[in-house]
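I have placed the structure first, in the form of structure tokens, so that the comments after it can refer back to it.
Numbers restart at 1 for each chain; the letters A, B, ... are given by sequence-line order, proteins then strands.
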Amino acid sequence: MQDFRYLYDVSTLSLNREACIGCGMCEIVCPHGVFKMEYKKADIVDKNGCMECGACAKNCPSEAISVTPGVGCAAYIIQTWIIGKNGNSRGIAKCC
Amino acid sequence: MEDNCCGNNDNKESFGSVSHLKPFASTPVMQNKEEEAACCGLPPGPECSRFARPGYEICGFAEDFMDTAAGPVPKIRTKLSMSDHAMSVSARFGIGRDSYGIAPGIYCTGTPAADSPVLVTANYKLTFDALRRELSSLNSWILVLDTRGINVWCAAGKSLFSTEEVINRIKVSGLDKIVSHRELILPQLSATGVSAIDVKKRSGFKVVWGPVRANDIKSFLDAGKKADESMRRVTFTVSERLVLIPVELSFLVKPTLFILLGIFLLSGIGLEIFSIKDAWSRGIMAALAYAAGIFAGAVFVPAVLPWLPGKAFSVKGAVTGIIAAFFIVMTLKDVANTWELTALFLCTTAVSSYLGMNFTGSTPYTSPSGVEKEMRKAIPVQALAGFASIVLWIGAAFIR
């Protein structure tokens, strides 16, 4: 996937190495190789490869990872601009 | 829901031969002489399967049923039929795509035993087909979740392929009565919606993360349920991009009808207030420019994505748009004036840039934060280009 790189320095991904217990789950579930286990702790080695799918945070047993997951779809984002993320009287943003 | 259990109608094919349905299939149909003599028309069809139930249809991919402690489990074919392929193609074109779910629950391949692996998947038929075709000569259980007919990754992103649904489906299906072990193999991409720890805590089943792609499942199992790095990474090959094009286009059919109507109405405005002749002759030119924008943004961008300059998709779309716009200008330079050509150029480029940007939703690597960032910059530019295009187009009619 090195041929496919998206905008840099935008991902909301962050890792608290203090809280990491070194289970390695994030390295397994990440589809883009963003994490690597180093010295029995996870490390973010390719933050710009992150697409914010949220798999790592969902599966981190010590809540050491945080990321705002979402859908990278233009039509959906336009709807959230108009009616908000959680919807209003005009309805809820429908994903593509 | 029952009659809708598989968006598919090829039962006849699977019941053309009933030799594998042992208990009743070989029983000769009781007939007396009178009935034989009175017979007319076509010969009778095959006897009903012993698994037939009033109000239910048996799916074409079920070749037999296996009796288990949790009731009969369909044994599924690992080879896709012609009709499976035909339905996959039409789903790819957006036809029948919204009701392309199969019934959730337990299925099996081969002759699985209590210690056979359990593969968990989504109930989108394209997903189910992609999995089962990889399972020939494998004895396995398949736990199909109700993901509302959506593929694994998208369903996980929408919390449909979720911790809740895994736990719920284990319970409802009676999986614990069928297998002696307590282990599930989940597709890696479902990790977006499933917490392995919570599943273990609440159901007792351990989650093993399988490979991203179904075609790696055998090597994964052969390697002792270990995935190498390539099995863990998503890809976006030319063929993976090209199959997305028809459905991208199918989404555009409805808005295009309105846009074409607008194009022909705007093209008729001029010194005579409204000219039907102009609406037609100028409308054709504008429709061509619009079509070129669609081709450049929704076909060209996906096809040559990695070779287009820029990281932002709106830029990639603008690049292909400018190329397409150049061809439009070259084609129409003898029949349109400079104002009109400028308007058409802007139209093609803006449409292509927008559609290129819209393709971010179909790729496996664009982050929502990035998409939002580029949209904040790109949409005002696209809107301005579109607006300028309309103003120039209408204005040109008055100075023709």
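- Remark: side-chain polar atoms of B/Glu372 are not paired, donor with acceptor, to backbone N or O of A/Ile77 under 3.5 angstrom.
- Chosen from B/Ala156, B/Gly310, B/Gly193, the residue pairing most often with chain A at heavy-atom distances under 4.5 Å is B/Gly193.
- Here the side chains of B/Met375 and A/Trp81 are in contact, with some heavy-atom distance below 4.5 Å.
- At a threshold of 4.5 Å between non-hydrogen side-chain atoms, the residues A/Val10 and B/Ser367 count as touching.
- Here the side chain of B/Gln188 pairs a donor or acceptor atom with the backbone of A/Val29 at under 3.5 angstrom.
- Applying the side-chain hydrogen bond (donor to acceptor under 3.5 Å, both in side chains) rule to pairs touching residues 305-319 of chain B yields B/Ser314-B/Glu374, sequence neighbours excluded.
- Heavy atoms closer than 4.5 Å to chain A are found nowhere in B/Thr237, neither backbone nor side chain.
- A/Asn59 contributes no side-chain N or O that, together with a main-chain N or O of B/Ile197, makes up a donor-acceptor pair within less than 3.5 Å.
- Taken from CD in B/Glu229 to CD in A/Glu27, the straight-line distance is 8.0 Å, to the nearest 0.5 Å.
- Of the inter-residue distances, the one linking A/Lys58 atom NZ with B/Ser159 atom OG reads 6.0 Å to the nearest 0.5 angstrom.
- Contact check for B/Thr360 versus A/Tyr6: side-chain heavy atoms found under the 4.5 Å cut-off.
- With a 4.5 angstrom heavy-atom cutoff, B/Val194 touches chain A only via backbone atoms.
- Although no hydrogens or angles enter the test, the distance criterion places a donor-acceptor pair under 3.5 Å between the side chain of B/Arg233 and the main chain of A/Cys30.
- When side chains are defined from C-beta on, A/Thr68 does not count as touching B/Ser369, because their heavy atoms never get closer than 4.5 Å.
- The candidate from A/Gly33, A/Ala57, A/Ser11 with the greatest count of non-hydrogen atom pairs under 4.5 Å with chain B is A/Gly33.
- Atom-to-atom distance recorded for A/Asn48:CG and B/Tyr365:OH is 13.5 Å, nearest 0.5 angstrom.
- When side chains are defined from C-beta on, A/Phe4 does not count as touching B/Thr366, because their heavy atoms never get closer than 4.5 Å.
- Considering only heavy-atom pairs separated by less than 4.5 Å from chain B, the leading option among A/Gly54, A/Pro69, A/Gly49, A/Ala55 is A/Ala55.
- For a residue to count as touching a neighbouring chain, one of its non-hydrogen atoms must lie under 4.5 Å from one of that chain's; by this rule A/Cys50 touches chain B with the backbone only.
- Heavy atoms of other residues, nucleotides or ligands lying less than 6.0 angstrom from OH of A/Tyr8 number more than 12.
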